[in-house]
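Counting starts at 1 for both ligands and their atoms, following the listed order.
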Amino acid sequence: MAYFQSKPTAGRHFLQIPGPSNVPDRVLRAMDNPTMDHRGPDFGLMGKAVLEKVKAVFKTKSHVIIYPASGTGAWEAALVNTLSPGDRVLMCETGWFAHLWHEMATRLQLVPDYIKTDWRRGADVAAIEAKLREDKTHSIKAVCVVHNETSTGCTSRIDEVRKAMDAAGHPALLLVDTISSLGSIDYRHDEWGVDVTVSGSQKGLMLPPGLSFNAVSAKALKAAETAKLPRAFWDWQPMIASNATGYFPYTPATNMLYALDTALDMLLAEGLDNVFARHDRHAEATRRAVRHWGFEVQCVDPRHYSSALTAVRLPEGHSANGLRATILEKFNMSLGNGLGQLNDRVFRIGHLGDFGDLQLVGTLGGVEMGLRAAGIPHKSGGAQAAMEYLSGNA
Ligand SMILES: Cc1ncc(COP(=O)(O)O)c(C=O)c1O
């Protein structure tokens, strides 16, 4: 494609943003099959199989709805199916994506209570519990948390959020964004009593962008019966009715479903616990490199470290965007930019999805060479420190 010509560097491009992640060749080959009749008999068989199989990654026995949309669509679906205009929702400002979800809730005429953080840790569970305890009339209808805040590399403890809600004896729904954690970081929809889990295809699921998900509890389905926010495309009911026979109420993203089927086979064959352990190990190796260079990780609470990405703070006076541009130009690697208040302050290393040790060593080697090329003072040997950790923890 002509658009790839701007970087004539030989060798593979390193796509190390925290999603979209690298799509395995096996998944790309699955997409490269003829598009089938989405109302024909073969589609129904595939649809039923994929809708059943996808439940395993959410760790749910409930329904998972698949939209031909980016994650933003699934955010909207979660809100409009469960809530009514004027409803109070409790949201946690963990970073840029929580901010965008909050903005959406406001535009949909919901009334968010906003618990702030300094963007250096996950959701404040004690503050959630306190807000819920104060709400004696149960006017808060939902608690919304981003599990893995992709802008900061901080992962909130959803198990603890659940415990706080139970301790407060509050009946609000729990809505969780797992767009950059599903398939990378341990997540349990049923066990943690989550009512709607929002997710997307382009990160831990190792697919291109284009699919998004709502896993829905029985309580969420009940709330949908009386929720009054207008909805049409996002309505769960026609989806659930069609999905019962493996079909969709409108044209599904057929080839993306082939891809999902294959990606799920790969994740389940590796074993979810092994997938999570692989991500944990790469994240730890990355943090060792960062500390060796003499930089700070954006996340300051080790209990909230993200295993999907690491946001790295550069010393004052150095441009993270300049560093990223140098690395792209010289070494053909894309790193994530700082978002919102972190623009130019951090760069983000994605280590999620279809990713192995040598890709991580290449990524960290590219960062280290970039630091030297950009003239940013650092202690060399960070990639070596990561290699030592990886070889001692094979
Ligand atoms: C945590 C999180 N939530 C929501 C989104 C928005 O998803 P999308 O860009 O697919 O609409 C993203 C995108 O990166 C994300 O990382």
Side-chain angles (χ1 to χ4, degrees), residues 15-23 57-58 65-80 89 91-108 112 117 119 121-123 143-158 161 174-185 187 189 194 196-215 233-234 253 256 259-260 263 279 283 298-299 304-311 334-340 342-343 346-353:
L15 180 66
Q16 296 316 135
I17 58 175
S21 64
N22 296 286
V23 179
V57 283
F58 289 87
I65 285 155
I66 307 177
Y67 293 107
S70 86
T72 302
W75 264 348
E76 181 161 340
L79 298 176
V80 297
V89 289
M91 303 187 100
C92 303
E93 193 206 7
T94 45
W96 181 248
F97 290 102
H99 161 76
L100 292 180
W101 202 12
H102 173 270
E103 221 174 41
M104 173 187 276
T106 308
R107 281 155 63 179
L108 290 170
T117 74
W119 290 33
R121 63 202 81 234
V143 175
C144 302
V145 183
V146 174
H147 181 213
N148 185 62
E149 180 49 80
T150 325
S151 62
T152 63
C154 299
T155 305
S156 291
R157 303 291 304 236
I158 304 303
V161 173
L174 175 56
L175 314 186
V176 179
D177 169 343
T178 65
I179 288 172
S180 62
S181 56
L182 195 80
S184 298
I185 300 172
Y187 185 77
H189 176 93
V194 179
V196 188
T197 298
V198 174
S199 206
S201 56
Q202 71 271 28
K203 306 201 190 232
L205 292 183
M206 312 185 293
L207 304 174
L211 291 182
S212 58
F213 307 87
N214 275 181
F233 181 81
W234 305 116
M256 286 293 286
L260 176 60
H279 283 77
Q298 174 68 13
C299 183
H304 295 169
Y305 282 157
S306 170
S307 289
L309 76 137
T310 303
S334 295
L335 295 166
N337 62 328
L339 292 163
L342 298 178
N343 179 32
V346 305
F347 68 94
R348 296 173 298 145
I349 303 172
H351 33 74
L352 73 169

Do any heavy atoms of [X] fall under 4.0 Å from ligand 1?
{"X": "N148", "value": "yes"}
{"X": "W75", "value": "yes"}
{"X": "Q202", "value": "yes"}

Min side-chain heavy-atom separation [X]-[Y] under 4.5 Å:
{"X": "T155", "Y": "I185", "answer": "yes"}
{"X": "Y187", "Y": "V57", "answer": "no"}
{"X": "S70", "Y": "P209", "answer": "no"}
{"X": "F58", "Y": "V194", "answer": "no"}

- Task: Kindly identify the option in P18, G71, P20 whose heavy atom sits closest to atom 8 (P) of ligand 1.
- Result: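 Considering heavy atoms of P18, G71, P20, the nearest to atom 8 (P) of ligand 1 sits in G71.
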- Any N/O of S70 closer than 3.5 Å to an N/O of ligand 1?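 Such a contact does occur with ligand 1.
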Mind listing the closest non-hydrogen atom pair of [X] and [Y] along with its distance?
{"X": "I158", "Y": "L174", "result": "CG2-CD2, 4.3 Å"}
{"X": "S306", "Y": "N148", "result": "OG-OD1, 2.7 Å"}
{"X": "G71", "Y": "V198", "result": "O-CG1, 4.2 Å"}

Nearest-neighbour protein heavy atom for [atom], which is reported as residue plus atom name and distance:
{"atom": "atom 13 (C) of ligand 1", "answer": "F97 CE2, 3.4 Å"}
{"atom": "atom 6 (C) of ligand 1", "answer": "T72 OG1, 3.8 Å"}
{"atom": "atom 16 (O) of ligand 1", "answer": "T150 OG1, 2.5 Å"}
{"atom": "atom 3 (N) of ligand 1", "answer": "D177 OD2, 2.6 Å"}
{"atom": "atom 14 (O) of ligand 1", "answer": "K203 NZ, 2.7 Å"}

